[in-house]
Amino acid sequence: MPHYVLLANHPPDTCPTANAKTRARAVEGMTQLLPKLAAQAGVTFHAGPLHLDPGHRMVAVLEAPSIEVVTKLVFDIGLSQWNDVEVCPATPTADRMADMDGFSSLFE
């Protein structure tokens, strides 16, 4: 199953530690909805979600059937309502290295 890296960041004024409305949404989305909806969607977290201290950024490494499933999960838990969210397909380095000879060299 494909792997993805999820990155999310928000400005200080929408941080759940500073904003009561965001706090309520974050608690609901991340602690109540995420475990249930991730299981229903077949999403497995391999790392995270992890907060990158002391800033306003989060990272997670997950396995999911498709990027569309990850995107739907992000919307369903409300993460994109108070964060800029990026979902990146991820490939194990060993797999990428095995494909290296298929790329033409740009520099000699």
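The shown structure was predicted, so the numbers you read here are calculated from the model rather than taken from an experiment.
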**Student:** So which of L52, V85, D84 actually passes side-chain contact (heavy atoms from CB on, under 4.5 Å) with N9?
**Tutor:**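 Going through the options one by one, the only one that passes is D84.
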
**Student:** Count I, L, V, M, F, W, Y as connected when their side-chain heavy atoms are under 4.5 Å apart, and connections chain through other members. Are L37 and V87 then in the same cluster?
**Tutor:**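 L37 and V87: one cluster.
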
**Student:** Search all heavy atoms of Q32 against all heavy atoms of P35 and return the closest pair with its distance.
**Tutor:** O-CD, 3.8 Å

**Student:** Quick one, M58 and L79 - any side-chain contact, counting heavy atoms below 4.5 Å?
**Tutor:**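 Side chain of M58 against side chain of L79, heavy atoms only: contact under 4.5 Å found.
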
**Student:** Show me the side-chain donor-acceptor pairs of residues 13-22 shorter than 3.5 Å, one per line, residues at least two apart or across chains.
**Tutor:**
| from | atom 1 | to | atom 2 | distance (Å) |
| --- | --- | --- | --- | --- |
| T14 | OG1 | P11 | O | 3.3 |
| N19 | OD1 | K21 | N | 3.0 |
| N19 | OD1 | T22 | N | 3.0 |
| N19 | OD1 | T22 | OG1 | 3.3 |
| N19 | ND2 | D13 | O | 3.1 |
| T22 | OG1 | T14 | O | 3.4 |

**Student:** First locate atom CH2 of W82, then atom CZ of R23, and finally report the distance between them rounded to the nearest 0.5 Å.
**Tutor:** 11.5 Å

**Student:** May I ask you to test the I67-Y4 pair for a side-chain heavy-atom distance under 4.5 Å?
**Tutor:** yes

**Student:** To the nearest 0.5 angstrom, please state how far the CZ atom of F45 sits from the CD atom of E63.
**Tutor:** 12.0 Å

**Student:** Check whether any side-chain heavy atom of V70 sits under 4.5 Å from a side-chain heavy atom of L6, and report yes or no.
**Tutor:** yes

**Student:** Quick one: do L33 and F75 end up in the same hydrophobic cluster if we chain Ile, Leu, Val, Met, Phe, Trp and Tyr together by side-chain heavy atoms under 4.5 Å apart?
**Tutor:**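 Unlinked, L33 and F75 end up in two clusters.
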
**Student:** Do you reckon L50 sits in the same ILVMFWY cluster as V61, going by side-chain contacts under 4.5 Å, direct or chained?
**Tutor:**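 Yes, it is one cluster - the side chains of L50 and V61 are joined through contacts under 4.5 Å.
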
**Student:** What is the minimum heavy-atom distance between A64 and V43, and which atoms define it?
**Tutor:** CB-CG2, 3.9 Å

**Student:** Just how far is it from atom NE2 of H3 to atom CG of L62, taken to the nearest 0.5 Å?
**Tutor:** 8.5 Å

**Student:** Please work out which of the three classes, parallel, tilted or perpendicular, describes the rings of H10 and H56, given edges at 30° and 60°.
**Tutor:**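 Answer is perpendicular, since the angle exceeds 60°.
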
**Student:** So, using side chain to side chain donor-acceptor pair (under 3.5 Å) as the criterion, who are the partners of K72 when residues are at least two apart?
**Tutor:**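 K72: side chain to side chain donor-acceptor pair (under 3.5 Å) contacts with D76.
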
**Student:** Identify the two heavy atoms, one from P65 and one from G42, that lie closest to each other, and give their separation to 0.1 Å.
**Tutor:**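 It is CD-O, 3.6 Å.
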
**Student:** For M1, is the CE atom crowded, meaning more than 12 foreign heavy atoms sit under 6.0 Å from it?
**Tutor:**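 Correct, the count exceeds 12.
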
